[in-house]
Amino acid sequence: HRAGAADLARAAALLRAARHPALFCGWGAVDAAAELIAIAELLGAPVSTTLQGLSAFPGNHRLHAGFALGPAARAEAGTLSTGGTSHWTA
């Protein structure tokens, strides 16, 4: 499912308003790594990835929170945005 403009605007508003935003990305985000880094840095949001999405965000980046929503990624997340994943539920 590709997000439309209204979906992206709603997601952006939620993330901007969040006290502790976090990002969870999969293989579908691999081609948007530069944008993902920019969003994470703008929000100060930790980024966790699926196994297939490991290359979507650099493992040596200060905001990299590990793989598969480990404790570091969930510790203080108040709003979690997923991208490039499928069939994922919290």
Side-chain angles (χ1 to χ4, degrees):
H1 169 71
R2 291 189 63 90
D7 294 325
L8 292 173
R10 188 169 44 252
L14 287 170
L15 289 169
R16 280 193 311 270
R19 287 175 41 142
H20 301 287
L23 306 172
F24 182 63
C25 299
W27 175 251
V30 170
D31 291 333
E35 292 86 350
L36 180 56
I37 292 167
I39 291 168
E41 289 177 349
L42 178 70
L43 296 169
V47 179
S48 186
T49 67
T50 64
L51 179 60
Q52 289 180 319
L54 283 173
S55 60
F57 196 82
N60 63 350
H61 192 282
R62 65 180 175 79
L63 291 171
H64 188 260
F67 161 71
L69 289 177
R74 294 188 316 244
E76 295 186 15
T79 301
L80 178 68
S81 176
T82 63
T85 62
S86 61
H87 307 292
W88 187 83
T89 59

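The first residue of the sequence shown is numbered 1, and numbering continues consecutively from there.
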(request) Find the distance between CD1 (Ile39) and SG (Cys25) and round it off to the nearest 0.5 Å. (result) 8.5 Å

(message) Which residue in the set Leu42, Leu14, Leu43 passes side chain to side chain contact (heavy atoms under 4.5 Å, CB included) when paired with Pro21?
(response) Leu43

(request) State, yes or no, whether a side-chain contact exists between Thr49 and Trp27 at a heavy-atom distance under 4.5 Å. (result) no

(request) Look up atom CG in Leu36 and atom CG in Asp31, then write down how far apart they are to the nearest 0.5 Å. (result) 12.0 Å

(request) Please check if atom CD in Glu41 has more than 12 non-hydrogen atoms from other residues, nucleotides or ligands closer than 6.0 Å. (result) yes

(request) Give the minimum heavy-atom separation between Ala40 and Val47, together with the two atoms involved. (result) CB-CG2, 3.6 Å

(message) Looking at every non-hydrogen atom in both residues, tell me the closest pair between Ala56 and Ala33 and how far apart they are.
(response) O-CB, 3.4 Å

(request) Pick out which of Leu23, Val30, Ile37 makes a side chain to side chain contact (heavy atoms under 4.5 Å, CB included) with Phe57. (result) Ile37

(message) If I take atom CG from residue Leu63 and atom OG from residue Ser48, how far apart are they, to the nearest 0.5 angstrom?
(response) 12.5 Å

